[in-house]
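All of these numbers come straight from a predicted model, not from anything done at the bench. Residue numbering restarts at 1 for every chain, and letters A, B, ... go by the order of the sequence lines.
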There are 2 protein chains.
Amino acid sequence: MTIRYPNGKKYEPVQQQITSKNKNFSFSNRGKTLEEELNESNEFYLSRSIAVIHKKPVPIQIVHVKYPVRSAAVITEAYFRSPSTTDFNGVWKGKYIDFEAKETTSRTSFPLNNIHDHQVEHMKKVTEHDGIAFLIVKFTSLERYFIVPYDYFEEKWERKIAGGRKSITLKEIEDMSIEIEAGFNPRLDYLAALEHLLQSPIKERIERQENE
Amino acid sequence: MTIRYPNGKKYEPVQQQITSKNKNFSFSNRGKTLEEELNESNEFYLSRSIAVIHKKPVPIQIVHVKYPVRSAAVITEAYFRSPSTTDFNGVWKGKYIDFEAKETTSRTSFPLNNIHDHQVEHMKKVTEHDGIAFLIVKFTSLERYFIVPYDYFEEKWERKIAGGRKSITLKEIEDMSIEIEAGFNPRLDYLAALEHLLQSPIKERIERQENE
């Protein structure tokens with residue numbers, strides 16, 4: 001089945017072939033992975049000249065390549081490497097955007113064990129250089145999506161490092177993140193959510209609520 | 001041989017294994033590819049908190065993966081895909097930086113045939129969104145390095161599209177680019193050259209020269 005974006009470009013899934021649970025395609029968006037939803041949203045942003053944001057290729061350590069006569073080079077031995085940066089980056093309104101996308105099947109909390117140390121380090125550095133770093137977290141069972149700003153994530157990461165809980169509860173995420181509404185086109189308008197976040201930073205919002 | 005960066009991190013070449021001409025390592029920088037030189041420079045920038053710029057992984061289409069018991073997944077069939085974006089991107093002083101690195105063995109001109117249409121399209125879009133897009137061109141035989149700003153490159157690309165010459169002459173590059181001085185650490189201080197370029201855009205420089 002050939003899937004095409006609205007701009008006619010063929011959709012070429014890469015990751016998909018290597019994970020087994022993505023196979024339950026349906027005509028709803030239910031079967032789609034967060035990565036697919038974000039790729040579609042990014043294609044939309046690109047086609048409407050809203051932003052230029054791409055998923056980075058999966059890092060691979062190539063060991064052997066064959067060069068059959070008259071055909072394309074074939075990689076015959078390679079290994080997945082752990083990424084030293086995040087999944088997505090690009091430019092939006094002159095700003096550098098950098099984020100990691102993660103799904104969880106949990107209904108109550110987001111486990112921190114599938115974020116790598118060097119990814120956190122990367123997001124920290126991006127923030128120091130005035131880039132905008134965040135996580136997009138999908139609670140698949142709840143079909144809810146959140147932008148978790150890096151500054152907030154850092155607190156919870158440090159809590160874990162200090163021996164505290166190894167996850168962020170849904171309640172904490174609800175309080176300190178911006179929820180992204182899922183729609184049709186773009187599927188996930190995360191830049192609209194981010195705009196909202198930048199106009200009204202969460203910490204200021206909470207301070208206002210406390211003062212009221 | 002294990003090569004380590006000044007920060008102690010192991011250097012893991014990826015591209016290197018798949019091209020044959022990179023094998024002539026020597027203790028000078030002569031044997032290094034432009035990609036290696038830029039990776040080293042980026043490691044330097046990262047370690048000194050100057051910028052967060054990384055090379056993107058090579059895009060691969062994975063077809064078969066084996067999961068041997070008790071060992072890492074092995075990719076047993078995969079193909080190189082043509083990149084839809086440029087090689088390097090990141091953030092520097094809050095600005096989005098995006099560039100493609102190309103070498104040529106020619107002593108007189110930079111051929112345009114190894115730049116893909118969609119890479120040019122990508123750089124155009126980055127520029128439209130107020131990112132900074134450029135090429136870094138190395139004349140390997142001359143050991144000279146240039147930052148070619150996208151705006152200037154675009155003119156020459158359009159000349160090619162219109163049926164004109166399929167390369168940019170070294171003279172044209174000398175006139176319209178900033179030369180990067182090769183050094184030790186960082187090997188290629190391309191951000192210093194870029195800073196210079198941003199402070200004194202080439203077109204203004206040329207206008208000034210014409211008015212003098």
Q.
Can you confirm whether A/Arg48 is buried at CZ, in the sense that more than 12 heavy atoms of other residues, nucleotides or ligands lie under 6.0 Å from that atom?
A. no
Q: Measure distances from A/Ile50 to the heavy atoms of chain B and classify the residue's part below 4.5 Å as side chain, backbone, both or neither.
A: backbone
Q) Looking at B/Pro59, B/Pro57, B/Ala73, which has the largest count of heavy-atom pairs under 4.5 Å with chain A? A) B/Pro57
(Q) Please rank B/Asn89, B/Asp98, B/Leu46, B/Val91 by heavy-atom pairs under 4.5 Å with chain A and give me the top one. (A) B/Val91
Q) Are any non-hydrogen side-chain atoms of B/Val74 and A/Glu77 less than 4.5 angstrom apart? A) yes
**Q.** Part of residues 124-133 of chain B lying next to chain A, heavy-atom separation under 4.5 Å
**A.** B/Lys125, B/Val126, B/Glu128, B/His129, B/Asp130, B/Gly131
Q: Carefully, step by step, assess B/Ile75 and A/Tyr79 under the rule side-chain contact (heavy atoms from CB on, under 4.5 Å).
A: CA-CA 6 Å; B/Ile75 299 159; A/Tyr79 299 89; over 6 Å; no
Q.
With side-chain contact (heavy atoms from CB on, under 4.5 Å) as the criterion, how do B/Ile97 and A/Tyr96 come out once you've worked through the C-alpha distance, each side chain's angles and the decisive distance to 0.1 Å?
A. CA-CA 8 Å; B/Ile97 300 295; A/Tyr96 175 75; over 6 Å; no
Q.
Tell me which of these, A/His122, A/His64, A/Lys95, has more heavy-atom pairs under 4.5 Å with chain B than the rest.
A. A/His122
Q. Between A/Ala72, A/Pro83, A/Ala51, which residue shows the highest count of heavy-atom pairs closer than 4.5 Å to chain B?
A. A/Ala51
Q: Give, as side chain, backbone, both or neither, the part of B/Thr85 having an atom under 4.5 angstrom from any heavy atom of chain A.
A: side chain
